[in-house]
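Chain identifiers are assigned alphabetically (A, B, ...) following the order of the sequence lines, protein sequences preceding nucleic acid strands; residue numbering begins at 1 within each chain.
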Amino acid sequence: MSLNPAQRAAVEHCDSPLLVLAGAGSGKTRVITQKIQHLIVNRRMPASKIAAITFTNKAAREMRERAAALLRGVDSEGLTVCTFHSLGLNFLQIEHEAAGLRRGFSIFDSDDSGALVKDLMPRGAKGPDIAAIRGLISRVKSDGLTPERAAELATSPREREAADIYGQYQKRLAAFNAVDFDDLIRLPVHLLDAHEHLREAWRERLRYLLVDEYQDTNGTQYALLKLLAGPRGGFTCVGDDDQSIYAWRGADTANIERLGQDWPQLRIIKLEQNYRCARRILRAANTIIANNPHLHPKKLWSDHAEGEPIRVFACNDNEQEAERVAAEITFLAHKHKAEWSAFAILFRGNHQSRALEKALQLQRIPYHLSGGTAFLERAEVKDALSWLRLLANPDDDAAFLRAVAAPKREIGATTLARLGEMANALHLSLGRAAERPDVLGQLPARSANALDGFISLVSRLRRAAAMMTAGDLCRKLVQDTGQLAAIRSECKDDALFERRRGNVDELAQWFDAAGKGSSGDLVAQLALLTNADRDSPGNAVRLMTLHASKGLEFDFVFIVGVEDGLLPHESSIDEGRIEEERRLMYVGITRARRVLHLSYARHARRFGEIVRVTPSRFIEELPAAELHFVGRDAEQDAERTQEHAGAAIARLKALFGE
DNA sequence: GGTGAGCTTCTTTAC
DNA sequence: GAAGCTCACC
């Protein structure tokens with residue numbers, strides 16, 4: 001557990017701002033967690049004044065666990081380990097008044113804000129247009145621009161349109177008592193900038209900041225860091241420009257340079273010894289990343305063993321690829337007597353997990369799919385959540401629109417459109433408008449009755465909500481709203497019904513576990529969560545995107561779909577963002593401790609058609625001497641039958657336990 | 001107002 | 001090849 005000199009220096013340097021340029025596998029999490037310990041134990045800083053900030057929930061969770069293990073016996077009460085977004089949410093929940101928000105405000109997720117943008121665009125706007133406008137709005141928001149400023153800076157008709165819609169969008173959000181993901185950073189920045197008393201209070205509250213994956217900060221996140229740290233600069237930023245893979249959501253590696261400009265007393269420490277990868281793997285990683293330009297050249301080295309050659313599997317299609325990966329995992333697990341959790345399968349896009357899951361199920365290999373929001377995307381979970389949101393925030397129109405149809409209660413598009421018009425005219429939210437007799441009076445009796453019934457159900461549940469925990473409320477409302485009954489009648493067989501009811505149960509249990517806080521506050525926190533953090537993965541093969549894998553490490557790593565068009569991704573090729581794709585490949589390679597497998601398919605289904613695909617250009621960039629190709633040439637057929645036999649044997653072994 | 005057949009469109013990555 | 005959307009029908 002001892003630190004090398006550079007790591008030690010990074011841990012002990014607390015008197016001026018510090019930037020740690022940490023190569024992959026150089027022990028940066030260890031530096032951060034030990035530094036937390038150092039601050040508490042040697043510098044006598046209360047844990048409650050320290051915040052470690054990460055970018056993904058997964059990273060936060062990992063950090064929290066590692067810190068807890070290290071801090072056993074140390075008073076670490078009140079230590080903050082969270083993402084930028086949850087820090088922002090926490091800030092807004094405390095300072096909601098200054099932000100012009102009422103208690104119980106909602107968070108609009110991507111779906112909600114997409115629907116809102118669509119609503120604000122001319123009728124008949126197409127999907128891609130909506131997505132483009134949304135992207136532009138998000139971009140100007142994470143650059144910290146106001147709608148007015150965005151309009152001034154717009155250089156194309158589309159940007160002007162986006163700036164215009166951005167303005168209306170913010171007004172709607174304010175009316176809904178809601179914020180979106182970008183606001184979680186943008187609003188705290190705005191408030192800290194505008195109010196000296198808030199600045200002082202929060203600088204006192206958070207005396208020391210540790211920012212992980214610093215290369216991924218965007219404009220507003222940098223502004224937040226700057227405002228919270230102040231001129232004193234009580235912070236350590238840890239980053240690696242070679243692992244910058246979030247430029248598409250506004251991350252700017254120029255923020256690395258900015259630190260030295262804003263804090264001239266900044267100290268920089270480089271960590272260049274890799275403790276993770278076998279040498280061959282590290283050589284491959286270094287070779288491929290050498291194709292990118294560098295501002296801070298670093299030379300990563302390792303004193304580990306050489307390790308095995310990197311195997312490259314050529315397959316016919318992604319089903320065969322998945323089968324082979326699964327067979328190989330079974331084989332390696334037996335050979336090395338390894339736990340399933342020592343294996344990870346990494347891919348570019350979430351949809352690639354399907355074929356893999358199928359193959360793993362078939363071969364009886366336990367797996368855990370992390371990342372994505374599959375759980376929260378489930379219809380029954382979204383329905384229950386929209387009810388919770390509406391109960392906490394009567395002005396949440398997005399929640400109203402979903403809850404009103406969960407289950408169906410004879411209130412359809414026509415009625416809602418009429419209600420919407422009247423609500424707009426009265427400057428009221430849908431929920432408030434539907435409470436008013438004069439509004440209901442203008443609707444056909446049948447619709448008015450249905451709405452009235454809905455509203456009284458809402459107010460009854462809202463009264464009940466005040467007296468129960470969020471978990472109990474969740475269980476009660478699926479009963480009382482008729483959701484459970486609707487699910488039962490929709491489900492053909494009992495097993496399906498049980499599974500869907502189980503999802504709702506799980507939601508309630510999440511609230512039970514989350515403990516303190518009003519249901520409104522907890523629902524907001526849940527909006528920031530992805531599947532990744534829901535349950536502990538246990539002893540299972542990990543499936544995740546390359547993006548989600550950053551910061552993690554595994555003995556055995558399989559990167560699948562190493563094809564031109566996927567990795568590098570088609571749109572990144574078109575738009576000349578090949579360097580970021582290369583960094584993504586680099587991140588994937590450097591996750592592996594002992595064994596690295598790459599694979600690609602020669603054919604892929606696209607738009608239902610089967611098309612030929614070429615292996616990724618990144619395979620060419622790897623040092624040929626380190627690679628061992630399987631199935632690339634004429635011997636491919638012979639190999640394949642062998643593999644199939646191997647897979648069959650492995651399956652039998654799995655079935656009968658040897 | 002609700003439902004299902006047939007049409008289109010889509011495919012990045014995350015909070 | 002799936003999910004969303006539109007339109008006709010109950």
Indicate, with yes or no, if the rings of A/F400 and A/F454 have centres closer together than 6.0 Å.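 Judged by ring-centre distance (under 6.0 Å), A/F400 and A/F454 do meet the cut-off.
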Determine, using ring centers only, whether A/F84 and A/F55 are less than 6.0 Å apart. yes
Look at atom NE2 of A/H190 and say whether more than 12 heavy atoms of other residues, nucleotides or ligands are closer to it than 6.0 Å. no
Side chain of [X], heavy atoms from C-beta onward: which of [options] has the nearest atom to it?
X: A/T83; options: B/dT13, B/dT11, B/dC15; value: B/dC15
X: A/R354; options: C/dA2, B/dG1, B/dA14; value: C/dA2
X: A/R446; options: B/dG1, B/dT11, B/dA14; value: B/dG1
X: A/K118; options: C/dC5, B/dT13, B/dG1; value: C/dC5

Only one of A/K141, A/R186, A/R172 passes salt bridge (charged side-chain N to carboxylate O under 4.0 Å, His left out) with A/D180, and that residue is A/K141
Quick one: is [N] close enough that its OP1 or OP2 comes under 4.0 Å of any side-chain N or O from [X]?
X: A/N350; N: B/dA14; result: yes
X: A/N57; N: B/dA14; result: no
X: A/T545; N: B/dA14; result: yes

Could you check whether the rings of A/H85 and A/F181 sit parallel, tilted or perpendicular, using 30° and 60° as the cut-offs?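 Judged by the thresholds at 30° and 60°, the geometry between A/H85 and A/F181 is perpendicular.
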Identify the pairs formed between an N or O of the protein and an N or O of nucleotides 7-10 of chain C at a distance under 3.5 Å, and give each distance.
none

With rounding to the nearest 0.5 Å, note down the distance linking CG in A/L598 to CZ in A/F558. 10.5 Å
Between [atom2] of [N] and [atom1] of [X], the distance in whole Å:
X: A/R186; N: B/dC15; atom1: CZ; atom2: C1'; answer: 16 Å
X: A/Q221; N: B/dA14; atom1: CD; atom2: P; answer: 15 Å
X: A/F347; N: B/dT11; atom1: CZ; atom2: P; answer: 18 Å
X: A/D112; N: B/dA14; atom1: CG; atom2: C1'; answer: 16 Å
X: A/L87; N: B/dC15; atom1: CG; atom2: C1'; answer: 13 Å
X: A/Y586; N: B/dT13; atom1: OH; atom2: P; answer: 24 Å
X: A/L546; N: B/dT13; atom1: CG; atom2: P; answer: 11 Å
X: A/D216; N: B/dA14; atom1: CG; atom2: C1'; answer: 11 Å

Are the ring of A/W248 and the six-membered base ring of B/dT13 within the stacking cut-offs of under 5.5 Å and under 30°?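 Yes, A/W248 stacks on the base of B/dT13, since the ring centres sit under 5.5 Å apart and the planes are within 30°.
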Counting the atoms with a prime plus P, OP1 and OP2 as sugar-phosphate, which does [X] contact under 4.0 Å by heavy atoms, base, sugar-phosphate, or nothing?
X: A/F84; answer: nothing
X: A/I245; answer: nothing
X: A/R583; answer: nothing
X: A/T415; answer: sugar-phosphate
X: A/S571; answer: base

Between C/dG4 and B/dT13 - C1' atom distance, rounded Å: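 Their C1' atoms lie roughly 22 Å apart.
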On DNA chain B, compare the nucleotides closest to A/E410 and A/E581; which residue's is nearer the 5' end?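 Nearer the 5' end of the strand: A/E410.
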Test side chain to side chain contact (heavy atoms under 4.5 Å, CB included) applied to A/E553 - qualifying residues, sequence neighbours left out: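 Listed in chain order: A/R276, A/R593.
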So, A/S572 and A/E581: side-chain donor and acceptor under 3.5 Å apart, yes or no? yes
